[in-house]
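I have placed the structure first, in the form of structure tokens, so that the comments after it can refer back to it.
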Number of protein chains: 2
Amino acid sequence: MTTPASARVLGLAAAAAFSIAAGIGPAQSQDDPHASGGSAAYVPSMTTLGQLELEIPGRKPDDPVITPEEFATASKVYFERCAGCHGVLRKGATGKPLTTDITRDVGYEYLRDFITYGSPAGMPNWGTSGELTEAEVDLMARYLLIEPPAPPEFGMAEMLETWELIVPVADRPTEKMNDIDIDNLFSVTLRDSGQVALIDGATYEIHAIIETGYAVHISRISASGRYLFVIGRDALINMIDLWMETPATVAKLKVGAEARSIETSKMHGWEDKYAVAGSYWPPQYVIMDGATLEPLKIVSTRGMVYDTQEFHPEPRVAAIVASHYRPEFIINVKETGKILLVDYSDIRNLRVTEIEAERFLHDGGFDSTKRYFLVAANARGKVAVVDTEIGELVGLIETGGGTPHPGRGANFVHPVHGPVWATSHLGDETVAVIGTDPDGHPDEAWTVVQQLYALGGGSLFIKTHPTSNHLYVDAPLNTDPEITGSIAVFTISELGVEEPEYQVLPIVEWADIADGQPRVVQGEFNMAGDEIWFSVWNAKDLESAIVVVDDRTLELKAVIKDPRLVTPTGKFNVFNTRNDVY
Amino acid sequence: MTTPASARVLGLAAAAAFSIAAGIGPAQSQDDPHASGGSAAYVPSMTTLGQLELEIPGRKPDDPVITPEEFATASKVYFERCAGCHGVLRKGATGKPLTTDITRDVGYEYLRDFITYGSPAGMPNWGTSGELTEAEVDLMARYLLIEPPAPPEFGMAEMLETWELIVPVADRPTEKMNDIDIDNLFSVTLRDSGQVALIDGATYEIHAIIETGYAVHISRISASGRYLFVIGRDALINMIDLWMETPATVAKLKVGAEARSIETSKMHGWEDKYAVAGSYWPPQYVIMDGATLEPLKIVSTRGMVYDTQEFHPEPRVAAIVASHYRPEFIINVKETGKILLVDYSDIRNLRVTEIEAERFLHDGGFDSTKRYFLVAANARGKVAVVDTEIGELVGLIETGGGTPHPGRGANFVHPVHGPVWATSHLGDETVAVIGTDPDGHPDEAWTVVQQLYALGGGSLFIKTHPTSNHLYVDAPLNTDPEITGSIAVFTISELGVEEPEYQVLPIVEWADIADGQPRVVQGEFNMAGDEIWFSVWNAKDLESAIVVVDDRTLELKAVIKDPRLVTPTGKFNVFNTRNDVY
């Protein structure tokens with residue numbers, strides 16, 4: 001049994017622990033009731049009036065204890081490994097909720113085994129894969145029995161403290177100072193080294209390796225093509241000037257404790273004017289100056305869940321895209337199930353249209369006309385469709401598969417059904433092909449017109465290109481190494497049959513890597529659309545690679561290897577990214 | 001010194017206490033972190049790591065203790081007497097913040113004396129006025145040293161439990177069933193009896209006394225004039241059908257723990273379609289069906305303060321008006337200083353324009369054209385002006401006085417400056433006259449064109465009418481009984497001189513009330529604009545009255561007395577209210 005004193009020590013240590021994990025100094029003012037609520041969350045409470053013993057609420061006599069040092073370590077591991085799916089406050093999203101009412105009910109041993117072995121529903125096998133040691137698994141199981149630390153707010157004062165304008169606009173080049181073909185450049189996330197690599201789309205040369213935040217989630221390009229924005233899971237943004245002799249970071253800003261999304265203004269007349277980033281914690285988004293990252297306007301996403309209309313304290317910001325039809329950012333709020341159309345034409349009088357869609361909005365992209373935005377409500381198995389010209393929900397589609405994960409999706413012209421957009425799934429091998437042509441194929445618009453069957457569950461990304469006749473589907477989170485090392489390719493012109501077959505590209509085999517069990521993830525086309533790059537993602541201390549495939553022949557074209565290519569994952573071709581070609 | 005056990009007892013009792021005070025049953029789900037944050041707020045914490053004693057943070061050795069029963073009583077008193085100015089979470093607004101960092105710094109004796117004697121800055125003298133006993137003052141001073149209870153959320157589930165559709169639409173009359181001249185009816189708040197009186201504007205007959213929530217703050221009338229909406233400080237709404245033989249409540253809804261504002265849709269084509277109510281707690285507003293009060297859409301106001309852009313957990317909703325130019329509600333959020341234009345034309349795809357204005361927005365009204373909305377940011381001494389046709393802030397004016405409190409303000413044509421709107425002040429005797437005619441008097445628009453000097457500080461309401469040549473100013477919160485019992489009247493046609501003088505109407509004297517020290521509050525015109533009514537507001541157990549003055553002669557016309565007229569305060573003439581004539 002813990003004593004009151006040790007429990008108090010824990011409480012105080014917990015607040016400190018989050019600061020370490022999230023890299024945030026003391027921030028919260030004393031008069032914010034959330035501050036006391038947060039640090040008080042660890043305080044033992046009593047179950048009956050007048051009872052004298054102090055204990056952790058719901059604590060069972062044989063529940064394990066945890067030291068302050070362990071709590072700090074566990075908070076860091078949780079943030080890096082678990083929070084992405086289960087949420088900073090453990091309220092669940094892609095992953096199940098892990099609130100203490102649940103964890104204490106199932107108990108320590110269940111948690112330990114679940115973390116060790118994972119589940120077919122998508123929980124990784126952290127123990128048997130060797131990613132966590134037995135001691136770490138034990139620690140995390142104990143940690144989950146304790147209330148989570150409530151991370152601090154991160155408002156304008158905190159943001160401004162992190163803002164670094166490394167190269168002011170006046171000191172930047174006035175013309176492009178290098179010979180790089182910027183439009184065919186690839187920005188490649190080096191996940192575990194906290195960097196991005198800028199790789200030439202023609203020569204495969206690495207032009208620069210740039211230090212960034214932890215596990216950069218995405219790269220986005222300003223409308224002009226000059227500036228590259230990347231955002232780490234730790235909410236650190238790097239703004240990179242591609243005109244410099246060697247492209248480098250010209251501004252940095254941290255927008256919170258955890259984040260996933262960044263975008264820049266793309267409407268005609270507003271090119272390069274603003275950037276916007278969405279955070280998981282605090283639940284908010286921030287509009288920044290597009291030339292300096294200066295934070296201008298922070299907007300909280302805390303509010304009501306769209307259907308139950310109960311208050312949610314942590315509605316995380318998922319994918320953001322920039323409308324081509326109106327001066328708007330399209331911001332997806334996960335837990336409340338709302339799609340926000342944020343009009344950036346007058347940020348002092350900010351106009352936001354809040355579209356009721358579906359819970360657990362995650363990722364998505366435009367149809368080929370860029371008028372319609374399709375986004376997965378992944379834990380609900382649905383895709384929501386917004387008409388960005390009129391600003392309304394026009395479709396909400398059951399994909400028929402488990403946990404759709406489109407990335408930005410894949411647009412192509414189906415031989416029978418015309419213009420379509422497709423998503424693969426985390427939970428099974430299906431690919432949902434959705435009609436996107438309300439004019440030419442009105443009966444099929446916003447319905448699943450075909451279901452394809454690819455390699456297996458655990459897919460993250462699907463890809464094609466307007467000039468390509470192929471549709472590529474990965475499955476990096478599958479449990480079968482054969483599947484995680486391969487890519488399924490459908491031939492678009494042959495999709496008219498009832499059950500279209502696919503070819504298998506043995507990407508990992510082609511990469512010819514001696515050690516480890518790398519996974520192949522995320523196909524990305526070059527600007528011309530005649531070759532597609534795949535990341536061969538190995539452990540941090542082992543060799544990784546990028547495999548380049550000739551789209552026309554489906555043959556291996558090149559393997560990019562370099563000691564600096566540590567854990568490559570997402571890749572973003574400048575032209576395709578800035579023009580929303582996918 | 002309190003023991004850990006007694007401190008815990010206090011914590012648990014506190015949660016229960018709020019339920020009693022606010023009339024709310026157990027509502028909050030266990031997995032809401034705010035729930036634990038709230039109940040944990042009482043838990044003693046330690047100031048240094050490893051310290052063994054448990055104590056209330058900041059507690060001094062000689063600070064008094066408080067029992068659970070006392071805490072419950074104090075919570076109720078605080079809610080009824082203090083929360084209006086100091087906030088449910090004690091973060092301050094019109095009144096100073098009373099967070100424990102402040103209260104523990106000044107200490108028990110200072111608090112006790114301040115509550116007893118009040119202050120010239122506006123704190124009432126609760127002790128010497130006899131409104132609180134010495135024991136109650138002592139209790140409140142001790143209570144303020146303890147963290148406040150965090151009240152529960154109040155989402156759709158909780159609202160629907162309170163919704164009562166007493167007379168469905170189908171069972172209501174299809175034509176007016178009484179002979180009441182509805183347009184000249186007055187809805188009069190009977191503050192301490194939790195009722196409104198419906199009084200005939202011509203005969204002074206009381207047509208009905210209707211049970212309502214506690215201390216009805218305002219009455220509003222549907223655009224058609226048929227439905228009367230009132231809202232209590234306890235957030236209970238009554239919807240009253242004025243067509244019934246005896247007007248009565250046809251629907252009720254409680255929208256939170258504390259509220260102030262209600263309005264109905266007035267745009268052409270949207271008459272009587274929606275109602276909207278704003279809450280102090282939880283910080284949110286709700287759009288309701290205009291025929292049934294069915295809650296349709298709840299929107300949280302939690303978010304960033306407009307200038308510092310720090311997160312505020314309790315941004316209370318103050319005045320709401322309905323635009324005549326667009327299908328919008330204009331909703332003022334106090335602590336964040338934002339004016340929200342809420343487009344109700346499509347509540348599934350809700351569009352909100354969030355105008356950065358000034359902190360501590362409170363009350364206000366339209367100019368005479370109803371195009372411009374003027375609202376006081378009272379603790380900042382300013383008035384913000386929104387052009388409701390284009391949806392932007394067009395002015396932010398220092399009023400030159402202390403704590404402007406316009407009510408809805410007073411519109412008239414100044415002999416020199418043309419169309420103007422005026423506000424009196426809580427903090428001093430000044431009246432700020434503001435130009436509202438950007439076309440005819442462009443240089444004077446949204447500036448203070450004249451400062452008048454009325455009876456004294458403590459004014460709540462100012463009033464005139466388009467047909468009147470008089471401007472009436474009350475001062476019910478002054479400390480001088482001579483002043484609180486009188487009304488200052490300026491003659492509009494004589495405002496061209498440098499220091500216009502006023503006449504004094506001895507309203508309380510005219511009311512001829514034997515006992516107590518009643519205050520005169522809130523002039524309200526009849527429909528024709530030829531008489532003005534004043535409330536003579538006495539203690540609950542003493543006689544009150546309504547004094548009717550002939551506007552043309554400034555002579556006493558009638559005194560309305562009735563045993564049922566308990567503590568009359570605000571009065572709302574149907575025609576003037578529904579047409580925003582003031």
Side-chain angles (χ1 to χ4, degrees), chain A residues 4-5 8-9 11-13 29-34 36-41 43-46 49-52 54 57 89 91 97 99 101 147 150 153 155-157 282 284 295 297-300 302-304 308-311 313-314 341 346 348-356 391-393, chain B residues 4-5 8-9 11-13 29-34 36-41 43 45-46 49-52 54 57 68 89 91 97 99 101 147-148 150 153 155-157 282 284 295 297-300 302-304 308-311 313-314 346 348-356 391-393:
Chain A
R8 296 296 319 159
V9 171
L12 293 167
S29 67
Q30 289 195 341
D31 63 353
D32 183 339
H34 286 81
S36 57
S39 62
V43 175
S45 78
M46 291 170 61
L49 212 74
Q51 188 180 334
L52 285 171
L54 295 172
L89 299 182
K91 293 176 78 71
T99 44
D101 54 328
E147 294 292 334
E153 297 297 330
M156 184 55 77
Q284 63 195 26
K297 180 98 179 183
I298 306 172
V299 184
S300 173
R302 285 175 171 108
M304 298 292 163
T308 61
Q309 302 206 46
E310 62 190 328
F311 180 73
E314 189 203 7
L341 307 180
D346 181 1
R348 297 287 306 267
N349 301 286
L350 194 74
R351 182 174 301 183
V352 178
T353 305
E354 188 183 280
I355 297 174
E356 297 178 5
E392 279 179 19
L393 191 76
Chain B
R8 298 296 320 159
V9 171
L12 294 167
S29 66
Q30 289 195 339
D31 62 354
D32 183 337
H34 286 81
S36 58
S39 61
V43 175
S45 77
M46 291 169 63
L49 212 72
Q51 188 179 337
L52 285 170
L54 295 172
L89 299 182
K91 294 176 77 71
T99 44
D101 55 328
E147 294 291 336
E153 297 296 332
M156 185 54 78
Q284 64 194 25
K297 180 97 177 184
I298 306 171
V299 184
S300 174
R302 284 174 171 111
M304 299 293 163
T308 60
Q309 302 207 44
E310 63 189 329
F311 179 73
E314 189 202 8
D346 181 1
R348 295 290 305 267
N349 301 286
L350 193 74
R351 182 174 302 183
V352 179
T353 304
E354 188 183 279
I355 297 174
E356 296 178 5
E392 279 178 18
L393 191 76

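Letters A, B, ... are given to chains in the order of the sequence lines, protein chains preceding strands, and every chain is numbered from 1.
- A donor-acceptor contact shorter than 3.5 Å is absent between the side chain of B:Glu153 and the backbone of A:Phe311.
- For A:Gln284, the side-chain hydrogen bond (donor to acceptor under 3.5 Å, both in side chains) criterion is met by no residue, not counting sequence neighbours.
- Your options are B:Arg348, B:Glu314, B:Met304, B:Met156, and the one with the most heavy-atom pairs under 4.5 Å with chain A is B:Arg348.
- Between the A:Glu354 side chain and the B:Leu350 main chain, no donor and acceptor come within less than 3.5 Å of each other.
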> So B:Asp346 and A:Glu392, side-chain contact (heavy atoms from CB on, under 4.5 Å) or not? Walk me through it.
Replying inline: CA-CA 10 Å; B:Asp346 181 1; A:Glu392 279 179 19; 3.6 Å; yes
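- Here the options are B:Thr353, B:Asn349, B:Val352, the test is side-chain contact (heavy atoms from CB on, under 4.5 Å), and the partner is A:Thr353; only B:Asn349 passes.
- The pair A:Lys297-B:Glu356 meets the salt-bridge criterion, with a side-chain N (NZ, NE, NH1 or NH2) lying under 4.0 Å from an Asp/Glu carboxylate O.
- The nearest pair of heavy atoms linking B:Gly303 to A:Ser300 is CA-CB, 3.7 Å.
- We find the CD1-CZ distance between A:Ile355 and B:Arg351 to be 9.0 Å, quoted to the nearest 0.5 Å.
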